[in-house]
There are 2 protein chains.
Amino acid sequence: MHEDFIKELGYLSLASRLKRISDSMIHSGRQMYKNLNVDIEPNWYLIFKLLEKHGNLSVTDIAEKLQFSHPSVITIINKMTLAGYLQSEPCPTDGRRQWITLTQKAKKMLPEYQKLWVAGTKGIENMLKDTNFLTLLDHLEQELSQQSFMERTLNEFNNGTK
Amino acid sequence: MHEDFIKELGYLSLASRLKRISDSMIHSGRQMYKNLNVDIEPNWYLIFKLLEKHGNLSVTDIAEKLQFSHPSVITIINKMTLAGYLQSEPCPTDGRRQWITLTQKAKKMLPEYQKLWVAGTKGIENMLKDTNFLTLLDHLEQELSQQSFMERTLNEFNNGTK
DNA sequence: TACATTTACGTAGTTAACTACATATTATGC
DNA sequence: GCATAATATGTAGTTAACTACGTAAATGTA
């Protein structure tokens with residue numbers, strides 16, 4: 001086994017490490033869909049489940065709820081529309097907005113996909129069930145939203161020179 | 001405050017959430033370097049610290065130690081070379097390999113940059129010091145290396161149909 | 001020793017997030 | 001009620017990881 005330098009760096013490389021883990025899981029998810037011949041992509045579940053919950057939403061609504069930029073949402077929605085899962089219609093009361101809704105194909109396929117997502121959730125749960133990992137993520141995200149990584153670093157940097 | 005749908009999904013959206021956190025920290029780091037007028041990029045610290053430790057390494061060595069693909073390493077190294085921090089020379093005993101080393105500029109600047117990285121580490125430590133977060137990351141990465149996210153999901157999926 | 005295999009590096013193209021800018025529509029305020 | 005500001009969507013270009021493929025050098029083997 002080779003040296004794992006990112007692990008060795010501890011807190012310093014936290015962001016790199018979180019990126020490594022998420023990249024690996026997303027990659028594995030993409031491969032799974034491909035192997036099963038399911039024509040969806042790793043992050044589409046977010047849109048599926050969001051529209052399942054809310055019925056219809058605008059691009060901006062979706063971006064806010066996912067904390068994505070709106071161009072990212074547009075890119076995902078365009079692909080899902082091309083794949084026949086979504087349709088858009090102009091909002092009747094506001095000409096700027098688009099109402100995004102699930103198509104019949106999406107509603108038909110959702111129960112099947114839902115089984116996969118439940119299985120994925122269980123797989124992760126098995127690894128982490130005796131831990132407080134999600135609570136720690138809540139904590140970390142809340143801390144970072146109160147004061148950014150840059151602000152924290154600069155504070156420590158300036159303390160060091162006092 | 002808006003609905004945080006990714007948080008709401010719990011384990012299902014773990015990968016999306018880790019990506020969100022790492023993206024945000026990396027973005028904040030880039031902004032910090034920009035504000036301080038420091039001409040380095042967020043992941044260059046990995047190369048700096050690796051070469052500081054090992055003296056010189058080949059592209060493949062670096063890729064293995066970081067668990068990056070070698071094209072990713074080449075991209076980073078090309079930029080750092082352009083910025084004057086790295087130089088390459090052919091390995092005298094193996095014509096296929098390049099020895100990557102720090103330049104004088106890099107050695108001169110490293111103590112200053114090191115202060116920033118120490119400050120960043122402290123900033124993260126302050127958020128997580130009373131937790132076992134790094135241990136949980138070790139655990140998660142080890143579990144995922146033993147059995148991929150896809151394998152775990154398919155196992156659970158097939159159990160569900162039995 | 002010559003040929004096949006492995007290894008190291010490099011290039012091209014993909015992915016999914018982002019910012020910055022453009023345009024159209026709605027809301028606000030004098 | 002018209003001009004300005006804010007909002008919603010869309011487009012273009014950036015970033016950093018990846019895979020796939022190509023080439024050159026070294027290694028192994030018949």
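Heavy-atom basis, side chains included; hydrogens, waters and symmetry copies ignored. Convention: sequence-line order gives letters A, B, ...; per-chain numbering from 1.
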Taking [atom1] from [X] and [atom2] from [N], how many angstroms apart are they, rounded to a whole number?
X     : N      : atom1 : atom2 : answer
A:L66 : C:dA16 : CG    : P     : 15 Å
B:L57 : C:dC9  : CG    : P     : 10 Å
B:L46 : D:dA16 : CG    : P     : 12 Å
A:N78 : D:dA8  : CG    : P     : 18 Å
A:I74 : C:dA22 : CD1   : P     : 16 Å
A:R20 : D:dA16 : CZ    : C1'   : 16 Å
B:I77 : C:dA8  : CD1   : P     : 14 Å
A:D23 : C:dA17 : CG    : P     : 11 Å

Is there a side-chain contact between B:Q146 and B:E151 in this structure, where contact means two heavy atoms from C-beta onward sitting under 4.5 Å apart?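 In short, these two side chains do not touch, never coming nearer than 4.5 Å.
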
Toward the 5' end of DNA chain C, which comes first, B:Q98 or A:I26, by nearest nucleotide?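 Final value for this comparison: B:Q98.
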
On DNA chain C, does the nearest nucleotide to B:P71 precede the nearest nucleotide to A:V73 from the 5' side, or the other way round? Give the residue.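 Closer to the 5' end of DNA chain C: B:P71.
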
State which of [options] makes the closest approach to the side chain of [X].
X     : options                : value
A:K19 : C:dC9, D:dA16, D:dT9   : D:dA16
A:P42 : C:dA17, C:dA16, D:dA17 : C:dA16
B:N43 : C:dC9, D:dA25, D:dA16  : D:dA16
A:V59 : C:dG10, D:dA26, D:dG10 : D:dG10
A:H27 : D:dT9, D:dT19, D:dA17  : D:dT19

Hey, are A:K34 and A:E41 close enough for a salt bridge, meaning a charged N less than 4.0 Å from a carboxylate O?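 No.
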
Can you say whether the rings of A:Y113 and A:F48 are parallel (under 30°), tilted (30 to 60°) or perpendicular (over 60°)?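 Correct class here is tilted.
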
Using the ring of each side chain (for Trp, its six-membered ring), is B:Y45 parallel, tilted or perpendicular to B:W117, with breaks at 30° and 60°?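 The arrangement is tilted - the two ring planes meet at 30° to 60°.
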
Does [X] have a side-chain nitrogen or oxygen under 4.0 Å from the phosphate oxygens OP1 or OP2 of [N]?
X     : N      : value
A:R30 : C:dA16 : yes
B:S69 : D:dC18 : yes
A:T60 : D:dT9  : yes
A:K79 : C:dA16 : yes
A:T75 : C:dA17 : no

Under 5.5 Å between ring centres and under 30° between planes: true for B:H70 and the base of C:dC9?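 Stacking between B:H70 and C:dC9: present.
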
B:I21 to A:L137 - nearest heavy-atom pair and separation: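 Heavy-atom minimum between the residues: CD1-CD2, 3.8 Å.
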
Between the base of D:dT9 and the side chain of A:R96, is there a donor and acceptor pair under 3.5 angstrom?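 Answer no: no donor N or O sits under 3.5 Å from an acceptor.
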
Using the ring of B:F5 (Phe, Tyr or Trp, six-membered ring only), decide whether A:K49 places NZ or CZ under 6.0 Å from its centre and within 45 degrees of its axis.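 Negative - A:K49 is either too far from the ring of B:F5 or too far off its axis.
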
Let me spell it out: for each of B:T93 and A:W99, pick the nucleotide of DNA chain D with the closest heavy atom. Which residue's pick is nearer the 5' end?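 It is A:W99, whose closest nucleotide lies nearer the 5' terminus.
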
Report which part of the nucleic acid A:S58 touches: base, sugar-phosphate, or nothing (heavy-atom distance under 4.0 Å, all strands).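 Sugar-phosphate only.
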
